[in-house]
Amino acid sequence: MSEIFGCSTADLVQEASYRPADQALYITDLLAKLADEDRTMLVGMIEQLAARMQKS
């Protein structure tokens, strides 16, 4: 199946995984495609969301 989509088997499993390490790698890949300014903004938003959700 990975050959059909032109990616590795790990890539297919990583996006569907609930393991924090796999999710972090997926987010890293997404961030890598952004400009520095956009990446900084998005990291700030994630920090705010995580802080708010920890309080709940």
Side-chain angles (χ1 to χ4, degrees):
M1 199 157 136
S2 62
E3 292 175 4
I4 294 170
F5 293 110
C7 62
S8 70
T9 303
D11 290 336
L12 290 174
V13 174
Q14 180 178 314
E15 291 184 28
S17 175
Y18 290 104
R19 292 181 29 205
D22 292 337
Q23 292 171 336
L25 287 173
Y26 177 65
I27 292 171
T28 297
D29 291 341
L30 294 174
L31 290 172
K33 299 171 187 172
L34 300 176
D36 289 344
E37 185 177 302
D38 292 335
R39 190 169 49 247
T40 300
M41 179 186 69
L42 188 52
V43 169
M45 292 170 62
I46 292 169
E47 288 173 339
Q48 290 176 355
L49 284 170
R52 179 178 173 100
M53 291 177 177
Q54 286 176 353
K55 293 178 184 178
S56 299

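No hydrogens, no waters, no symmetry mates; every other heavy atom, side chains included, goes into these values.
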**Study point:** salt bridge (Lys or Arg N to Asp or Glu O under 4.0 Å): pairs with one or both residues in residues 31-46, sequence neighbours excluded
**Key:** D36-R39
**Study point:** Residue pairs involving residues 40-52 (criterion side chain to side chain donor-acceptor pair (under 3.5 Å); sequence neighbours excluded)
**Key:** none
Review point. Are the side chains of L30 and Y26 in touch, meaning some heavy atoms are under 4.5 Å apart?
Key: yes
Point to revise | Validation row: L31, L34 side chains within 4.5 angstrom (heavy atoms) | key: yes
Revision key, fill the gap. dist T28:OG1 -> Q23:CD (nearest 0.5 Å) comes out at 11.5 Å
